[in-house]
Protein chains: 2
Amino acid sequence: MSRNKVLNEKIKDERREQILTTALRLFTKQGLAGTRITEISAKTGISQGLIYHYFRSKEEIFTTLIREAIEKINTAALELEKQPLTAKEKIQLALDGLLKGFDKKSETSDFYFIITHAAISENIPAEAKEIIATQNEIKYHVMARIFSQGQKEGSVKNHNAYEMAALLFSTINGLALHKAIYGKGYKMPNKNILLSMFLND
Amino acid sequence: MSRNKVLNEKIKDERREQILTTALRLFTKQGLAGTRITEISAKTGISQGLIYHYFRSKEEIFTTLIREAIEKINTAALELEKQPLTAKEKIQLALDGLLKGFDKKSETSDFYFIITHAAISENIPAEAKEIIATQNEIKYHVMARIFSQGQKEGSVKNHNAYEMAALLFSTINGLALHKAIYGKGYKMPNKNILLSMFLND
DNA sequence: GTCTATATCCAGATAGAC
DNA sequence: GTCTATCTGGATATAGAC
């Protein structure tokens with residue numbers, strides 16, 4: 001590849017990323033239907049026409065983000081699972097990571113939101129629906145396995161493991177929403193309070 | 001008022017209610033921007049033109065619902081507070097009521113959702129924003145007072161009362177979302193698991 | 001009070017020049 | 001690769017007949 005081609009590729013990738021990052025923030029705040037392609041154009045400084053050079057439609061941007069978000073979260077969960085740690089340690093790490101991630105309003109929270117948004121909404125592209133239907137529960141299964149491990153080790157309470165996983169992610173999700181709404185003023189709770197739902201003392 | 005007038009008033013009220021109920025369900029599933037006035041018309045069987053006889057705009061329907069929802073929830077919280085019960089009993093009642101309410105997918109859950117939706121969204125009518133900003137935190141204050149009472153009584157853990165209230169509603173909200181997404185298959189957890197975050201044992 | 005028909009507007013997507 | 005100008009469709013809201 002010539003010098004110029006390499007450079008062009010780089011610009012292309014950057015533009016693409018710019019569009020995705022901006023769209024992510026807008027989608028989480030306004031939803032798919034509530035976000036105008038004009039806004040993405042304005043906030044990125046990329047002309048409306050050019051956006052269609054990178055993505056076929058608004059829906060495609062959305063679907064791309066859903067795919068990325070789910071993949072990112074699942075990968076993190078699977079990474080955690082295979083650490084050589086006790087279940088108790090893994091659970092603490094998970095909660096800590098999630099709470100911290102939300103507290104500093106990183107992209108992590110937006111990734112969580114857009115998934116939640118897509119999961120409740122009826123008006124999202126079929127492809128995004130499909131991804132959610134098949135991939136979103138992976139993290140629940142991973143977490144359930146960790147809880148099972150913990151029950152064998154004696155550190156985790158004896159409720160149904162999958163239900164505990166669902167409870168964990170639901171709680172985190174609820175807190176993340178709260179944080180998003182009430183913003184900087186609100187500090188995520190200490191992980192120990194949440195841990196009392198899951199661990200024997 | 002003549003006989004016919006009374007009857008007309010009744011029909012008018014019913015139509016109004018019909019529009020609101022239908023709109024509520026649609027808004028929670030699709031958001032404000034994602035819901036078409038045509039859909040409300042189709043699902044109620046009320047012609048599009050007639051809807052504008054009852055409400056000035058889609059936004060007005062939305063704002064009306066927000067007002068109703070917040071009022072309903074705040075009233076319930078204040079009612080609970082003034083019962084002659086121990087704090088522990090009040091907390092149990094609150095959790096039980098909320099979990100049960102969500103489990104049978106009553107309007108209660110939709111009321112919660114539309115508030116959450118409005119609270120995160122940037123694209124909602126100014127009036128709705130205003131209501132949320134001033135009225136939505138009332139339930140947090142009420143619940144915080146109940147937690148304080150419980151701390152005096154010795155039943156509640158010694159964390160910041162307001163933060164516990166926020167945690168309680170966030171958790172409930174997260175679970176309600178989860179329920180809405182995974183539907184009938186999912187049963188809300190037993191209240192005792194959640195109680196372990198708040199009560200001394 | 002209720003419907004049908006219509007005006008108006010605006011957003012998504014495309015075409016074509018540079 | 002990038003922009004501006006434009007087409008097209010669909011949604012909100014209104015007008016006017018019954």
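Please read these numbers as outputs of a predicted model, since none were measured by experiment. By convention in this document, chain letters (A, B, ...) are assigned in the order of the sequence lines, proteins followed by strands, and residues within each chain are numbered from 1.
Taking a cutoff of 4.0 Å between a charged side-chain nitrogen and a carboxylate oxygen, B:K187 and A:E163 do not qualify as a salt bridge.
Taking every side-chain heavy atom of B:K58 into account, D:dA13 is the closest of D:dG1, C:dA13, D:dA13. Minimum atom distance to the side chain of B:L50 is reached by C:dG1, of the listed C:dA13, D:dA13, C:dG1. For A:H53, the listed nucleotide lying nearest its side chain is D:dG1; candidates were C:dT2, D:dG1, D:dT12. Set against C:dG1, C:dC3, D:dC3, the side chain of B:I46 has C:dC3 as its closest nucleotide.
Looking only at side-chain heavy atoms (C-beta outward), A:L24 and A:F113 stay at 4.5 Å or farther from each other. Residues A:R67 and A:E127 meet the side-chain proximity criterion, which asks for heavy atoms closer than 4.5 Å.
In the helix from C:dG1-D:dC18 to C:dC18-D:dG1, the end axes, each obtained as the rotation axis mapping the C1' atoms of four pairs onto the next four within a five-pair block, lie 10° apart to the nearest 10 degrees.
Residue A:F169 forms a ring pair (Phe, Tyr, Trp, His ring centres under 6.0 Å) with just one option from A:Y162, A:F147, A:Y140, and that option is A:Y140.
For DNA chain C, none of the residues of residues 25-39 of chain B falls under the heavy-atom distance limit of 4.0 Å.
Ranked by how close their nearest DNA chain C nucleotide is to the 5' end, A:Q48 and B:I11 are led by B:I11.
Heavy atoms from other residues, nucleotides or ligands lying under 6.0 Å from NZ of B:K191 number more than 12. Applying the 6.0 Å contact sphere to NZ of B:K179 captures more than 12 heavy atoms from other residues, nucleotides or ligands. Within a 6.0 Å radius of CD in A:E39, more than 12 heavy atoms belonging to other residues, nucleotides or ligands are found.
Every residue meeting the salt bridge (Lys or Arg N to Asp or Glu O under 4.0 Å) condition with B:E60, not counting sequence neighbours, appears here in chain and number order: B:R56.
The aromatic ring centroids of A:F27 and A:H117 lie 6.0 Å or more from each other.
Atom pair B:Q18:CD and C:dG1:C1' shows a separation of 14 Å (rounding to whole Å applied). Here D:dT4 presents its C1' atom at 14 Å from CD1 of A:I51, a figure rounded to the nearest Å. If you take CG of B:D13 and P of C:dG1, they are 11 Å apart, rounded to a whole angstrom.
At the phosphate of D:dT2, OP1 or OP2 sits under 4.0 Å from a side-chain N or O atom of A:R15. Here A:Y52 does not reach the OP1 or OP2 of C:dT14: none of its side-chain N or O atoms lies under 4.0 Å away.
If you check every strand for non-hydrogen atoms under 4.0 Å, A:Y54 touches sugar and phosphate atoms only.
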